[in-house]
Each structure stands twice: as structure tokens, then as C-alpha cells.
Amino acid sequence: MKQDKAVDETMSPASADHAARFVTQGRLARVRGQNILFSPSQRAIFAVNDTAADIWRFLEEGTSPQAISVEMARSGVDRLEANRHVEAALGDWQRLSLIRPCAPFSPSSAQELVSQVVAVAGLTIRIVYPAACAFPAVSVFRHLEVRREAADILLQVVEHDRRVHLFRDDGWVLSCSRDELPVMLKGQLLTEVLDHGAYELALHAAALVGNERLVLLCGNPGAGKTTLTLALVHAGFRFASDDVTLLDAKGHGVGLPFAPAVKAGAWPLVAEYYPDIDAVPICRRPDRRRVRFAVPGQFVPPSPAPIGSVIQLRRGRDAKACLEPVDPASALRVLLNGASAPGRELSGAAFDVLTQLIGSAQTYRLTYSKLDDAIELIAKACR
């Protein structure tokens with residue numbers, strides 16, 4: 001670890017605010033001569049040098065960033081150099097969610113704001129953005145907009161010294177870079193639904209409608225769920241969800257119709273079914289991977305629908321296309337993978353709902369390599 005940097009190579013320089021105060025959300029320990037930061041929320045370890053460790057201890061005492069720079073200068077560090085160390089450390093720690101601001105930043109009275117009210121799974125959520133960073137997030141959620149004055153939840157976006165902060169009903173939630181905002185907001189909206197929505201079970205599955213019944217697509221990361229979902233919409237299926245589907249007490253499903261985030265490697269494939277994908281603004285995930293949001297044109301009304309088919313995806317290079325039935329136990333295992341329930345604990349009632357679904361739906365495993373083959377097999381089985 002190089003001692004002339006505030007943090008080690010896992011942390012990149014960023015800027016920080018010299019007026020705001022921050023609350024630490026980690027623990028600092030010195031083990032055999034090395035300073036180690038622990039993030040309980042991420043269960044992650046970060047090695048920091050002595051300068052960063054001193055800055056952390058000042059923050060734990062409630063010292064403002066400006067005062068930290070002053071104290072470092074008194075100890076013999078050049079003031080400009082002290083400012084750079086503090087700015088780099090605070091910027092990195094905000095990005096890593098190791099610190100958070102004490103209170104919402106007050107937007108300037110002259111700042112233009114954009115307000116958007118969206119409805120998802122029975123919840124209405126107002127999102128307030130500074131006009132300067134509202135786009136493209138506003139367009140990503142525009143298809144969810146409703147014309148209402150009142151909302152169940154208020155989310156406020158505040159841009160402060162080149163960082164974007166999200167507050168929920170005046171409580172800080174997260175910070176991110178501007179190009180990460182659409183992805184982070186999508187994640188927060190999903191959290192709101194899972195924490196406050198009315199449902200029995202949430203399944204990690206895409207959902208489409210064919211022949212007036214839902215078709216659920218399940219698969220591990222890399223199975224091509226998002227790409228296949230968009231291809232099926234192009235083939236005539238109606239879009240209900242890209243990632244999460246809720247079940248009610250009858251075993252009927254309601255999709256969460258967030259716009260799919262298409263990873264860069266899939267843009268050429270998706271362009272055949274979504275020709276405007278190259279014109280869509282590029283956003284970033286927290287891991288800095290590039291994505292574009294593809295908003296399908298055909299949406300299903302947000303009302304419960306019976307589930308006709310559950311399809312587990314297995315994509316492999318040069319794999320022969322095959323759609324084969326799977327037994328109920330195997331199908332249950334697939335749906336339980338990544339499932340959640342209110343209170344985060346799967347109850348007996350939630351399991352009963354799931355077995356009811358499996359008892360009435362057709363269950364398959366789809367092995368494929370080419371999208372056209374997968375579309376043909378699914379269309380034949382589900383229509």
C-alpha cells in the first residue's frame with residue numbers, strides 16, 4: 001500500500017463537501033500495524049493508510065471536513081495537500097457507503113426542481129430531482145407515472161459537490177455518481193415495494209403475458225433473461241416484468257414493470273428487437289458496468305393474472321434448443337431461489353401459494369443458444 005495516498009488502490013479519488021458533516025457507518029481497527037475498515041452492511045474489508053485512519057477518527061468524533069483539514073495543517077501537512085487527502089477519502093467512503101451525511105442538504109431556493117409521481121404495485125412514490133440531473137432517470141420511470149398530488153413515499157434527489165444523494169422522507173438512503181442514479185433509483189423503488197407492498201411472495205422471475213396467462217422466466221445471471229424477455233415482446237408477448245414478479249394469496253402474479261437494464265454486451269442482440277437502443281443514454285451500475293434502459297411498448301395492466309408456465313433458462317454456446325418438462329420439486333427449487341416474502345421470512349402460507357402455482361402451471365427447462373430457437377419453442381408451448 002502506498003502511503004502517499006489517502007486510501008489504498010481499491011479506492012479511487014473523488015471530491016467531498018467541506019461544509020457538511022458525516023456519520024461513519026463502519027468500524028476502524030489496527031491489526032499488526034495495518035489499519036482496517038470494516039463495513040457491516042457490505043461485510044467488506046478495506047485497508048487504509050495512516051492518513052486515512054486519522055481522517056476516519058476525526059469523523060467519528062463529529063469533526064467537520066473543513067476542521068479536519070485545519071487540524072492536519074496544524075500537524076505540519078500542507079493545507080492544499082490536507083484538503084486533497086480529505087476530499088479523496090470522503091469521496092471514496094461515500095461511494096462505498098462507509099459514511100453518510102448527517103442531514104439532507106438544502107437545495108438552493110433558485111434551483112429548479114422536477115417532480116415525478118410513479119405507481120408500482122399499489123404504492124405511489126414521489127421523486128423530486130434537481131433539474132440538472134433529472135435526465136435520464138425521469139425517462140426511465142416515465143411509463144410508471146400517475147397524475148396524483150398525494151404520494152405514500154417521498155424520495156428526494158440532491159446533488160451536492162459532484163455527488164448525488166438520495167433521501168427518503170428526509171432520511172439519507174444512499175449516494176452515487178450522477179450516471180448511476182437511474183440504476184440506484186430502480187433498486188430503491190424495488191426495495192419500497194418489497195418492504196411496503198401487499199403480496200404473499202416475490203419471485204426472481206421475468207413475466208410476460210401470452211394467451212392471457214403469465215409466462216415466468218427464471219434463470220441464473222447470464223442466462224439471458226432480459227434479452228429473451230425483450231425478444232419475446234417483439235414476437236407478440238406483452239411485457240409484465242423484467243426481474244421480479246409478485247404472487248397474491250391465490251397464486252396469481254403481478255409483474256413489476258421496471259424498464260429492463262440491458263448490459264453492454266447484449267446491445268447488438270437487443271438492437272434487432274429494440275432498434276432505438278443505441279440512442280438510449282448510457283448509465284452505470286455500482287460496479288461501473290454500462291447499461292441502457294429499454295422501455296417496452298406493450299405493457300400489461302397491473303392486475304393479478306393466472307400463471308400458465310414457468311420456464312427455467314439454460315443458455316449455452318452451441319447448445320441444441322430443447323424445451324423439456326420438469327417435475328414439481330425441481331420447479332419449486334428454481335422459484336425458491338431468490339424468492340422473498342414480507343418480513344423477509346418465507347411462511348407456510350407463502351409456500352402454500354407456491355405449491356398452488358406449481359400445481360396449476362406447466363413447468364419447463366429451456367436449453368438454448370440462439371434467441372430465435374428459444375422464441376419459437378416458448379411461443380409454441382405458451383400459446
Side-chain angles (χ1 to χ4, degrees), residues 1-31 33-73 75 77-105 133 157-167 171-185 187-188 283-291:
M1 182 177 63
K2 297 179 180 179
Q3 294 296 317
D4 62 337
K5 295 171 65 177
V7 292
D8 71 355
E9 288 78 7
T10 64
M11 301 182 180
S12 62
S15 64
D17 173 41
H18 280 270
R21 291 179 184 267
F22 294 87
V23 176
T24 58
Q25 301 192 121
R27 296 293 296 274
L28 176 67
R30 189 169 179 83
V31 182
Q34 186 175 34
N35 302 302
I36 297 173
L37 267 178
F38 170 62
S39 169
S41 62
Q42 303 176 66
R43 295 187 179 183
I45 296 293
F46 305 93
V48 299
N49 65 20
D50 290 342
T51 300
D54 288 341
I55 294 170
W56 182 271
R57 294 187 188 98
F58 277 123
L59 290 177
E60 287 183 322
E61 296 169 358
T63 309
S64 71
Q66 184 178 25
I68 294 173
S69 295
V70 171
E71 290 298 324
M72 292 176 66
S75 67
V77 180
D78 178 80
R79 182 59 187 271
L80 292 178
E81 188 69 15
N83 288 345
R84 283 194 289 267
H85 282 309
V86 173
E87 289 176 355
L90 297 190
D92 292 336
W93 292 339
Q94 287 183 81
R95 178 174 56 83
L96 295 166
S97 297
L98 287 164
I99 60 174
R100 64 172 178 81
C102 293
F105 301 118
C133 63
V157 178
V158 180
E159 188 172 31
H160 197 79
D161 199 31
R162 299 189 293 275
R163 292 289 294 178
V164 175
H165 297 267
L166 180 65
F167 294 88
W172 181 89
V173 177
L174 57 87
S175 68
C176 61
S177 60
R178 185 186 285 192
D179 60 358
E180 293 171 345
L181 180 59
V183 174
M184 303 302 283
L185 269 177
Q188 183 62 29
C283 303
R284 299 273 184 174
R285 304 192 317 188
D287 61 6
R288 302 305 292 164
R289 295 190 67 176
R290 297 178 301 156
V291 296

To the nearest 0.5 Å, atom CG of Asp78 lies from atom CG of Asn83 at 9.0 Å
Which heavy atom of Trp56 sits nearest to which heavy atom of Leu98, and what is that distance? CH2-O, 3.5 Å
Run the salt bridge (Lys or Arg N to Asp or Glu O under 4.0 Å) test on Glu81 and Arg84 for me, step by step, so that the C-alpha distance in whole Å, both residues' side-chain angles and the decisive distance to 0.1 Å come before the verdict. CA-CA 5 Å; Glu81 188 69 15; Arg84 283 194 289 267; 2.6 Å; yes
When rounded to the nearest 0.5 Å, the distance separating CG of Leu166 from CD of Gln188 is 5.5 Å
Between atom CG of Asn35 and atom CZ of Arg30, what is the distance when rounded to the nearest 0.5 Å? 4.5 Å
Minimum side-chain heavy-atom gap Leu59-Arg21 below 4.5 Å: no
Trp93 side, atom CH2; Leu37 side, atom CG - distance, nearest 0.5 Å: 6.0 Å
Tell me whether the count of non-hydrogen atoms from other residues, nucleotides or ligands lying under 6.0 Å of CZ in Arg27 goes above 12. no
Shortest non-hydrogen contact between Ser97 and Gln25, atoms and distance: O-NE2, 3.4 Å
Validation row: Met72, Asp54 side chains within 4.5 angstrom (heavy atoms): no
What orientation do His165 and Trp172 show, parallel under 30°, tilted 30 to 60°, or perpendicular over 60°? tilted
Would you give the length of the straight line joining atom OG1 of Thr24 to atom CD1 of Ile99, rounded to the nearest 0.5 angstrom? 9.0 Å
Minimum side-chain heavy-atom gap Leu28-Val48 below 4.5 Å: yes
Specify the closest pair of heavy atoms between Thr63 and Ala67, including all atoms of both residues, with the distance to one decimal. CG2-CB, 3.5 Å
Going by salt bridge (charged side-chain N to carboxylate O under 4.0 Å, His left out), Glu180 matches just one of Arg290, Arg288, Arg289. Which one? Arg288
Atom pair CD (Glu159) and CZ (Arg178), whose distance is rounded to the nearest 0.5 Å: 4.0 Å
Just by distance, do the side chain of Arg163 and the backbone of Gly91 share a donor-acceptor pair under 3.5 Å? no
Atom of Val164, atom of Ser177 and distance for their closest heavy-atom approach: CG2-C, 4.3 Å
Minimum heavy-atom distance between Leu90 and Pro65, given as atom pair plus value: CD1-CG, 3.4 Å
If you take all heavy atoms of Thr51 and His85, which pair is closest and at what distance? CG2-CG, 3.9 Å
Tell me whether Arg57 is salt-bridged to Glu60, with the criterion being a basic N under 4.0 Å from an acidic carboxylate O. no
Would you say the side chain of Val86 lies within less than 4.5 Å of the side chain of Phe58, judging by non-hydrogen atoms? no
Side chain proximity check, Met184 to Val157, heavy atoms < 4.5 angstrom: no
Show your working on side-chain contact (heavy atoms from CB on, under 4.5 Å) between Arg100 and Val173 and close with a plain yes or no. CA-CA 8 Å; Arg100 64 172 178 81; Val173 177; over 6 Å; no
